[in-house]
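Below is one structure; the comments refer to it alone.
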Number of protein chains: 2
Amino acid sequence: MTDTVGFLLGKLGQQVNVRFAGRLAPLGLRPRHCAVLELLSGGPLAQLELAKAIGVTASVVVDMLDELEQLDAIRRVRDAADRRRQLIELTPTGRELRHQTLSLARQNDEELLAAISPAEAAALRHTLGRIAAATGLIAK
Amino acid sequence: MTDTVGFLLGKLGQQVNVRFAGRLAPLGLRPRHCAVLELLSGGPLAQLELAKAIGVTASVVVDMLDELEQLDAIRRVRDAADRRRQLIELTPTGRELRHQTLSLARQNDEELLAAISPAEAAALRHTLGRIAAATGLIAK
DNA sequence: GGCATATGATTCGGTCGCCGAATGATATGG
DNA sequence: CCATATCATTCGGCGACCGAATCATATGCC
């Protein structure tokens with residue numbers, strides 16, 4: 001059991017999130033917000049698009065955006081072409097926050113991968129990416 | 001961000017757990033119970049020992065054990081040497097359940113690793129184990 | 001031996017993140 | 001112009017977890 005990849009992934013993933021959350025806390029962010037900032041860095045998206053991409057329901061997105069709006073990291077803009085939709089766009093503050101989270105994520109990686117060789121780390125990254133893509137477990 | 005190992009681990013781990021939970025549901029179990037069954041297969045343990053090993057508080061262990069007791073998978077036995085402690089031991093039913101969960105975990109792995117070569121899978125298992133050990137993220 | 005203090009299990013209340021159903025506004029097709 | 005669909009939002013609830021309080025038992029100290 002403890003030697004299955006599934007178990008290790010599950011437990012490690014959980015712990016990694018906790019650790020990352022600790023790093024993020026000073027910014028007033030939690031891990032889930034990072035994916036949002038990341039996605040928005042490619043350009044504005046509607047809330048339902050965000051929900052799909054992240055893999056949560058629309059109501060969860062509302063909450064996350066409320067929080068990000070509080071931090072002045074995003075803006076909701078009514079889509080002129082379809083006034084039901086809110087287009088979410090990054091503010092300059094949001095862009096700045098995204099850079100910081102990126103840096104924290106890399107810091108996190110360094111700590112996580114300190115015990116293994118760079119080659120092994122690269123292989124790991126590659127393998128995880130393959131699995132994620134193959135199993136469709138991470139929305140692309 | 002989405003290319004950091006930490007992010008991939010976190011997201012994948014989460015999803016893997018959800019998937020595993022689905023397989024487990026017919027047995028009336030959830031992922032967290034598996035660790036308990038696994039730990040107990042090595043012999044009886046007190047509840048606080050379980051809590052430490054799993055990384056949750058004592059009150060959570062109480063709940064989990066209540067559920068496992070309901071399924072007749074475990075028994076609570078007062079420690080004669082220290083009557084405050086409950087020694088938790090697997091029943092025959094518990095042992096059987098453990099075998100089933102193990103088989104499900106392996107099935108889960110097969111599906112997860114279908115996209116990569118056996119060699120790559122072995123490397124992955126090895127690397128994850130190293131990281132878990134080095135970072136102390138998984139209680140041993 | 002008797003008492004203060006520590007420790008194990010348990011209960012209880014609260015928090016957090018998530019979901020699903022209901023709602024209101026807007027769009028779209030007949 | 002109305003029926004129906006879709007987007008964002010609100011609301012109630014659930015499951016997993018924590019921390020404080022409680023009760024029984026153990027242990028150290030006088």
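So you know, we letter chains A, B, ... as the sequences are listed, proteins then strands, and number each from 1.
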For B/Lys52 and C/dG8, what is the distance between atoms NZ and P respectively, to the nearest whole Å?
7 Å
Basic-acidic side-chain contact under 4.0 Å: B/Arg84, B/Asp79
no
Given C/dG20, C/dA9, D/dT9, which nucleotide is nearest the side-chain atoms of A/Val62?
D/dT9
Positions of residues 21-37 of chain A (non-hydrogen atom under 4.0 Å from DNA chain D), listed by number
none
Among side-chain atoms of B/Arg23 and B/Asn108, is any donor-acceptor pair under 3.5 angstrom?
yes
Whole angstrom is fine here: how far is it from CG in A/Asn17 over to C1' in D/dC17?
15 Å
So that I can tick it off, tell me whether A/Arg95 and A/Glu89 are bridged by a salt bridge, with the cut-off set at under 4.0 angstrom between side-chain N and carboxylate O.
no
Looking for any heavy atom pair under 4.0 Å, which part of the strands does B/Val56 touch: base, sugar-phosphate only, or nothing?
sugar-phosphate
At a heavy-atom distance below 4.0 Å, what parts of residues 70-78 of chain B sit against DNA chain C?
B/Arg76
Rounded off to whole Å, could you give me the CG-to-C1' distance for the B/Leu65 and C/dT11 pair?
15 Å
In residues 79-87 of chain A, what residues come within less than 4.0 Å of DNA chain D, judged by heavy atoms?
A/Arg84, A/Arg85, A/Gln86
Look at the side-chain heavy atoms of Ile, Leu, Val, Met, Phe, Trp and Tyr, link any pair under 4.5 Å apart, and say whether B/Leu39 and B/Leu87 land in one connected group.
no
Can B/Val60 be reached from B/Leu48 by stepping across I, L, V, M, F, W or Y side chains whose heavy atoms are under 4.5 Å apart?
no
Any side-chain donor near an acceptor of the partner, B/Arg76 and B/Gln47, under 3.5 Å:
yes
A/Asp66 CG - C/dG17 C1' separation (whole Å):
15 Å
Between A/Glu111 and A/Arg106, is the closest basic N to carboxylate O distance under 4.0 Å?
no
B/Thr127 side, atom OG1; B/Glu120 side, atom CD - distance, nearest 0.5 Å
10.5 Å
With the threshold set at 4.0 Å, does a side-chain nitrogen-carboxylate oxygen contact exist between B/Glu38 and B/Arg98?
yes
Could you state the CG-P distance from A/Asp63 to C/dT15, rounded to the nearest angstrom?
16 Å
Between atom CD1 of A/Ile54 and atom SG of A/Cys34, what is the distance when rounded to the nearest 0.5 Å?
10.5 Å
So, do B/Gln100 and B/Leu29 sit near enough that their side-chain heavy atoms are less than 4.5 Å apart?
no
Could you check how far CG of B/Leu48 sits from P of D/dC18, rounded to whole Å?
13 Å
Whole-Å distance between C/dA9 P and B/Met64 CE?
13 Å
Could you tell me whether the phosphate oxygens of C/dC19, OP1 or OP2, come under 4.0 Å of any side-chain nitrogen or oxygen in A/Thr57?
yes
Have a look at B/Val61 and say if it touches a base, only the backbone sugar-phosphate, or nothing, with a 4.0 Å heavy-atom cut-off.
nothing
Among C/dT11, C/dC18, D/dT10, which is the nearest nucleotide to the side chain of A/Ser59?
D/dT10
Provide, to the nearest angstrom, the distance between the CG atom belonging to A/Leu45 and the P atom belonging to D/dA8.
11 Å
